[in-house]
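Below: one structure, written as structure tokens.
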Amino acid sequence: MESCGMNFIKYLLFIFNLVFAISGLGIIIAGGLVLADVSDFKHFTTSDLLGPPIVLIVAGSIVFIIAFLGCFGAIKESYNLLLAFAGLLAVIFVIELAVGIAAAVYKGDFEGTLKNSLRKSMNNYTNKVEQVAWDNLQKKIKCCGVDKPQDWESTPSSKWPKSCCYDNSNPSHVPDNETPLEDDTCKSQSFGTHVYNTGCFKKVKGKIEGNTKVLIGVGIGIAFVEIVGIILACWLAYTIKKEKDPQK
């Protein structure tokens with residue numbers, strides 16, 4: 001009976017690790033997509049914002065590698081390999097938990113830090129680096145100013161950048177779920193006929209919050225899988241040890 005039980009756990013753990021390896025690839029892809037999205041406005045944020053997706057990519061890579069360790073340990077019925085597998089899963093789980101706590105703590109200061117960063121950068125728009133960053137941001141996510149287009153009027157240049165304006169005849173330039181706002185300032189500068197009337201702070205904040213939900217969802221999912229893997233590995237290791245030394 002014990003042999004049948006051990007075989008059942010062994011193949012269950014083997015199948016689990018195949019799924020686990022695939023989930024590792026999924027984590028890497030999710031982290032990569034979030035990192036690529038964040039890179040659009042990383043100029044205006046601190047390096048803390050890049051931490052969670054990078055940790056997710058690293059964790060996914062480790063998960064993918066140690067899944068094969070779990071498969072090998074299960075097939076070979078190796079007590080030591082299974083314990084090593086369970087230990088590595090526990091370490092990853094603790095790292096993910098620490099990152100989650102750090103992200104929750106950082107979230108409280110995030111909005112103020114982001115808005116201050118945007119305002120400071122806007123006031124330095126005469127700098128070529130800031131110009132490129134703002135123009136890319138406003139065109140990419142279809143926004144203008146920090147809270148509203150008029151924010152540009154209080155900057156040293158006092159003029160709206162070309163990237164605030166767009167031609168309503170081009171569907172790819174029109175913001176989603178937003179009524180086009182016709183503007184004489186854009187017309188007078190021959191930059192277009194309409195202006196993006198939503199501030200960049202709102203758009204960037206929305207993107208980051210959306211990415212955060214993805215990271216939290218993936219993190220919770222993989223944490224649950226890791227706990228199941230630790231239980232199965234320890235269970236199989238205990239069964240192997242018991243069969244080899246039934247007196248203990």
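The structure presented is a predicted model; accordingly, all values stated were derived computationally and were not measured. Excluded from the calculations below are hydrogen atoms, water molecules and symmetry mates; all remaining heavy atoms, backbone and side chain alike, are included.
Side chain to side chain, Ser121 and Trp134 meet the donor-acceptor criterion of an N or O pair below 3.5 Å.
The line from CG of Asn123 to CG of Leu118 is 11.0 Å long, rounded to the nearest 0.5 Å. Ile29 CD1 to Ile57 CD1: the interatomic distance, rounded to the nearest 0.5 Å, is 11.0 Å. Of the inter-residue distances, the one linking Cys234 atom SG with Leu83 atom CG reads 6.5 Å to the nearest 0.5 angstrom. Atom CD of Gln138 sits about 4.0 Å away from atom SG of Cys164, to the nearest 0.5 Å. To the nearest 0.5 Å, atoms NZ (Lys128) and CD (Gln131) are separated by 5.5 Å. With rounding to the nearest 0.5 angstrom, the NZ atom of Lys205 is 9.5 Å from the CG atom of Leu114.
Under the 3.5 Å distance criterion, the side-chain polar atoms of Lys203 are left unmatched by any main-chain donor or acceptor of Cys143. Between the Glu130 side chain and the Asn124 main chain, no donor and acceptor come within less than 3.5 Å of each other. The closest donor-acceptor contact from the side chain of Ser154 to the backbone of Asp151 lies under 3.5 Å.
Residues Leu89 and Ile66 have side chains in contact (heavy-atom distance under 4.5 Å, counting atoms from C-beta outward). Side-chain contact between Tyr125 and Thr155: absent, with no pair of heavy atoms (C-beta onward) separated by less than 4.5 Å. You'll find the side chain of Val146 reaches within 4.5 Å of the side chain of Lys115, heavy atoms only. In this structure, the side chains of Trp152 and Met122 come closer than 4.5 Å at one or more pairs of heavy atoms.
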The test is disulfide bond (SG atoms under 2.5 Å apart); show your working for Cys144 and Cys200 and say whether it passes. CA-CA 6 Å; Cys144 182; Cys200 294; over 6 Å; no

Check the pair Ser61 / Ile28 against side chain to side chain contact (heavy atoms under 4.5 Å, CB included), numbers first and verdict last. CA-CA 7 Å; Ser61 302; Ile28 295 171; 3.7 Å; yes

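Geometrically, Lys142 does not engage Tyr196 in a cation-pi contact, judged by NZ or CZ lying under 6.0 Å from the ring centre and within 45° of the ring axis.
Residue Pro161 comes nearest to Asp135 through the heavy atom pair CB-OD1, 4.0 Å, listed as atom of the first residue, atom of the second, then distance.
Within a 6.0 Å radius of NZ in Lys162, other residues, nucleotides and ligands contribute 12 heavy atoms or fewer.
Using a 4.0 Å cut-off between charged side-chain N and carboxylate O, Arg119 and Asp147 make a salt bridge.
No continuous path of ILVMFWY side-chain contacts below 4.5 Å connects Ile231 to Leu88, so the two sit in separate hydrophobic clusters. Hydrophobic cluster membership is shared by Ile230 and Trp235, with clusters built from Ile, Leu, Val, Met, Phe, Trp and Tyr side chains linked at under 4.5 angstrom.
Scanning for side chain to side chain contact (heavy atoms under 4.5 Å, CB included) contacts around Val228 gives Phe16, Phe224, Leu232, with sequence neighbours left out.
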